[in-house]
2 protein chains.
Amino acid sequence: MLTRSNSNTKAYQNVLEKIKDYIQIDQLKPGDKLPSEREMAEELHLSRSTIREGLRAIELLGLIETRQGDGTFLRPYQSYQTLSLLAGFIFQDRETKDNVDDTLVMIEDVIIDLGHIRGSAYIQSKWSGHGYDYWKKRGYKATFEVILSVIDNQLLEKIWYLLYAFYLSIEDKQHIRKVKDLFQSFGVQTTEE
Amino acid sequence: MLTRSNSNTKAYQNVLEKIKDYIQIDQLKPGDKLPSEREMAEELHLSRSTIREGLRAIELLGLIETRQGDGTFLRPYQSYQTLSLLAGFIFQDRETKDNVDDTLVMIEDVIIDLGHIRGSAYIQSKWSGHGYDYWKKRGYKATFEVILSVIDNQLLEKIWYLLYAFYLSIEDKQHIRKVKDLFQSFGVQTTEE
DNA sequence: TATTATCTACTGGTCTGACCACTCTAAAAA
DNA sequence: TTTTTAGAGTGGTCAGACCAGTAGATAATA
């Protein structure tokens with residue numbers, strides 16, 4: 001268990017909260033303009049430098065965009081950008097490296113189950129259309145993407161991509177799952193022709 | 001002395017690069033101390049405020065930790081906590097929300113299944129020990145953490161934390177899953193006493 | 001001597017006010 | 001009308017200041 005010590009909030013963290021308020025109260029949408037730094041400073045009774053410290057933080061996360069001489073704008077986010085960032089930290093932790101393999105398998109189990117439920121027929125036709133050898137040649141990733149395409153959950157897809165890519169980067173093994181079994185589970189013939 | 005080295009890159013971004021150098025050249029490890037803000041400012045020929053803008057950015061990312069009167073330190077790794085703050089900025093479109101919701105449920109299904117397999121007895125005793133009301137009071141997160149603790153897959157745990165934190169930040173509902181059902185699935189009595 | 005209290009130098013946290021570079025817009029000039 | 005220009009506003013950066021907290025050296029104490 002981690003011990004998270006102090007909890008004295010710093011002034012710039014209020015900036016983050018305040019900006020959330022701006023977004024909510026003013027119903028700001030991506031691309032919209034935020035109040036100027038000087039305005040925020042006055043309204044929050046903070047110095048402009050403190051305001052800026054808060055802005056820089058969320059700018060690095062890709063949530064806002066600053067244009068000199070123009071203003072600060074909400075960005076059309078890419079929420080996955082943040083997920084990628086977090087993934088960076090997750091993978092940075094060496095302890096979790098060992099878990100990548102396990103977790104990848106788990107995630108794939110989920111994906112395969114969903115594939116059966118939501119688009120078994122489509123997957124079957126797609127795979128059968130080209131034949132087993134075709135997908136065998138195109139590789140594990142392409143094959144799996146067929147399932148992912150019918151599930152239509154971009155977040156789950158992103159998680160799988162991250163895990164899979166990371167797995168490949170730290171392991172020698174090419175396939176963690178028998179593609180043949182995968183095909184057969186969807187009722188696709190795998191006999192070579 | 002004018003600065004602003006022509007290109008579009010902002011000065012504070014150099015701070016990030018420089019800190020990477022510090023880490024690499026000085027072979028800094030988690031917990032180690034970085035040069036003081038004033039030192040960095042002098043060495044990079046930047047003002048202290050600019051240095052601080054860079055520091056705040058990577059602080060929010062959880063890379064560093066600042067202690068007033070002491071210094072700035074490299075951090076082991078980041079928890080989901082700070083990022084959950086930002087989740088409020090990220091999710092606005094319905095589609096993304098649905099993705100988070102769906103994915104969270106999926107991940108939890110996996111976790112619950114694994115809980116049954118790897119530590120059903122432990123979970124049961126843990127929950128029974130304090131009684132249903134205790135966990136009901138402590139909340140969904142604490143209850144779920146019992147399952148996570150026996151699974152012992154930190155990556156899966158972190159993914160769940162991330163999704164759960166995101167979920168809370170975008171929804172009002174406290175419980176997405178009937179805790180009562182969860183208890184009963186592990187054979188724990190839920191009758192009030 | 002061993003302990004405690006105090007001082008001091010240094011650190012991050014914040015503020016003020018300034019100047020620059022840039023972008024927009026509206027008034028002035030063509 | 002179109003073009004030019006001047007100004008106001010914005011972010012980018014800076015220097016210097018003061019506060020608040022920490023750690024280590026020093027002095028005072030038991």
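Small disclaimer: the values here were computed from a predicted structure and weren't measured.
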Discussion item. What is the distance, to the nearest angstrom, from the CZ atom on Arg48(B) to the C1' atom on dT11(C)?
Written reply: 8 Å

Worksheet item: Would you say dG11(D) has OP1 or OP2 under 4.0 Å from some side-chain N or O of Arg52(A)?
Response: no

Discussion item. Under 4.0 Å, heavy atoms only, any strand: does Ser36(A) hit a base, just the sugar-phosphate, or nothing?
Written reply: sugar-phosphate

Response to the item:
Closest heavy-atom pair, Ala41(A) versus Ser47(A), reported as atoms and distance to 0.1 Å, is CB-C, 4.0 Å

Worksheet item: Expressed in angstrom and rounded to an integer, what is the separation of Glu37(A) atom CD from dG12(D) atom P?
Response: 6 Å

Worksheet, complete the sentence: In short, Ile111(B) meets Ile151(B) closest at the heavy-atom pair O-CD1, 3.2 Å

Worksheet item: Counting only distance, no hydrogens or angles, is the base of dG13(C) paired donor-acceptor with the side chain of Arg56(B) under 3.5 Å?
Response: no

Discussion item. It should be established whether Thr72(A) places a side-chain nitrogen or oxygen under 4.0 Å from OP1 or OP2 of nucleotide dG11(D).
Written reply: yes

Practice prompt. Indicate the ring-plane relationship of Tyr134(A) and His130(A), choosing parallel, tilted or perpendicular according to the 30° and 60° boundaries.
Written response: parallel

Worksheet item: Met40(B) CE to dT13(D) C1': how many Å, rounded?
Response: 18 Å

Worksheet item: So what does Leu55(B) touch, heavy atoms closer than 4.0 Å: a base, only the sugar-phosphate, or nothing?
Response: nothing

Worksheet item: Distance under 6.0 Å and angle within 45° of the ring axis: does Lys18(A) meet both against Tyr22(A)?
Response: yes

Worksheet item: In whole Å, what is the span from the CD atom of Glu53(B) to the P atom of dG12(D)?
Response: 8 Å

Practice prompt. Find the distance Ile51(A):CD1 to dG11(D):P and express it as a whole number of Å.
Written response: 11 Å

Discussion item. Classify the ring geometry of Trp127(A) against Phe186(A): parallel below 30°, tilted from 30° to 60°, perpendicular beyond 60°.
Written reply: perpendicular

Polar atoms only, N or O, under 3.5 Å: list the protein pairs with nucleotides 23-26 of chain C and their distances.
from: dT23(C); atom 1: O4'; to: Gly69(A); atom 2: O; distance (Å): 3.4

Worksheet item: Leu46(A) CG to dC15(C) P: how many Å, rounded?
Response: 5 Å

Worksheet item: Looking only at N and O atoms, is any donor in the side chain of Arg38(B) or the base of dG12(C) less than 3.5 Å from an acceptor on the other one?
Response: yes

Practice prompt. For Phe73(B) and dT22(D), give me the distance from atom CZ to atom P, rounded to whole Å.
Written response: 11 Å

Worksheet, complete the sentence: Of Glu39(B) and Ser49(B), the one whose nearest nucleotide on DNA chain C sits closer to the 5' end is Glu39(B)

Worksheet item: Between dG13(C) and Thr66(B), is there an OP1 or OP2 to side-chain N/O distance shorter than 4.0 Å?
Response: yes

Worksheet item: Does Glu42(B) CD have over 12 foreign heavy atoms under 6.0 Å away?
Response: no

Worksheet item: Can you check the Glu65(B) CD to dG13(C) C1' distance for me, whole Å?
Response: 15 Å

Practice prompt. Check whether any side-chain N or O of Thr50(A) sits under 3.5 Å from a backbone N or O of Leu46(A) as a donor-acceptor pair, and report yes or no.
Written response: no

